[in-house]
Amino acid sequence: RLREAERNAQEIEAQANATGAAEGEREAQRRVALARIETRRDALRLRESHVERAIELATRRLDEVLRGPSGASLLATAIRAAAHALGENAVRVRTRPAERASIASALGAGPPAVEAWEEVDDAGATGVAVLSPDRHRMVEMTIGGMLRRRRDLARRTAAGVLLGKRDLP
C-alpha cells in the first residue's frame, strides 16, 4: 500500500508538473503576444506623429508660398478655377485685407469679374473663399479648408512618402 500511495503521489505530481508547464507555456505565449501588440501600437503611434508632423510642415510651407511673391498669382488661378467650378462669370471673393490688392492685380480684368470683396480678419486664413453672387454657393480655397476636405489624402500621401512607398506628387 505504501508503494501504491507513493506511485499515486508521483503520478499526481507528474500531472501537476505537466499541467503547470502547459499553463506556464500559455502564459509565456500570452505575454509575448501582448509585447508584440504593444510594440506594434508604439510603432503606429510613432508613425502617426511623423505623418502629423509632415502635414504640419507642408501646411506651413504652403502658407509661406501663398504669402510670398508668387502667392497672389496662385490665388488668382485658384479664384479662376473656383469661378469656373461655380459656373459664374462674376464672383464674390473673401480674403484678408492684406492680400486683396495683390490678388486683384494678379487677376487683372478677368474673367471672372469680382463683384465684391469681403474681408476676413482671421490672420490664419491664408487663401480665398470664392462665392456665387447670391452667396449660396462657395468654394473655399484656404489652407485650412483644403486640409479639412483632403486630410485623408494628405495623410496617405505623407505616410507613403515617409515610408518610402511613393515619391512626392
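What you are looking at is a predicted structure, and each value in this text was computed from that prediction instead of being measured.
Side chain of Ser70 to backbone of Leu66: no donor-acceptor contact under 3.5 angstrom is found. The main-chain N or O of Ala101 is never found under 3.5 Å from a side-chain atom of Ser105 such that the two would form a donor-acceptor pair. Between the Ser132 side chain and the Arg137 main chain, a donor and an acceptor come within less than 3.5 Å of each other.
Under the 4.0 Å criterion applied to side-chain N and carboxylate O atoms, Arg45 and Glu48 are not assigned as salt-bridge partners. A salt bridge links Glu38 with Arg41; the closest basic N to acidic carboxylate O contact falls under 4.0 Å. Salt bridge status for Glu64 with Arg60: absent, with no side-chain N to carboxylate O gap under 4.0 Å.
Arg61 places none of its side-chain heavy atoms less than 4.5 Å from the side chain of Leu57. At a threshold of 4.5 Å between non-hydrogen side-chain atoms, the residues Arg80 and Leu107 count as touching.
Atom OG1 of Thr142 and atom CG of Leu62 lie 10.0 Å apart (nearest 0.5 Å). Expressed to the nearest 0.5 Å, how far CD1 of Ile143 lies from OG1 of Thr59 amounts to 6.5 Å.
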- Please assess Ile103 against Val128 for the test side-chain contact (heavy atoms from CB on, under 4.5 Å), listing each intermediate value before the final yes or no. CA-CA 10 Å; Ile103 294 171; Val128 295; 3.8 Å; yes
- Query: Do Arg47 and Glu52 pass the side-chain contact (heavy atoms from CB on, under 4.5 Å) test, and can you show the C-alpha distance, the side-chain angles, and the key distance before you say yes or no?
  - Reply: CA-CA 9 Å; Arg47 175 183 162 198; Glu52 287 302 317; over 6 Å; no
- Query: Can Leu86 and Val139 be said to form a side-chain contact (heavy atoms from CB on, under 4.5 Å), step by step?
  - Reply: CA-CA 8 Å; Leu86 291 170; Val139 176; 3.9 Å; yes
Show me the side-chain donor-acceptor pairs of residues 112-119 shorter than 3.5 Å, one per line, residues at least two apart or across chains.
from: Glu118; atom 1: OE1; to: Arg94; atom 2: NE; distance (Å): 3.2
from: Glu118; atom 1: OE1; to: Arg94; atom 2: NH2; distance (Å): 3.1
from: Glu118; atom 1: OE1; to: Arg135; atom 2: NH2; distance (Å): 3.0
from: Glu118; atom 1: OE2; to: Arg92; atom 2: NE; distance (Å): 2.8
from: Glu118; atom 1: OE2; to: Arg92; atom 2: NH2; distance (Å): 3.3
from: Glu118; atom 1: OE2; to: Arg135; atom 2: NE; distance (Å): 3.0
from: Glu118; atom 1: OE2; to: Arg135; atom 2: NH2; distance (Å): 3.3

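For the pair Val120 and Pro97, the tightest heavy-atom approach, listed with the atom from each and the gap, is O-CD, 3.4 Å. Listed here is the closest heavy atom pair of Ala54 and Ala158: CB-CB, 4.2 Å.
Both Val91 and Met141 are assigned to one and the same hydrophobic cluster, defined by single-linkage of ILVMFWY side chains at heavy-atom distances under 4.5 Å.
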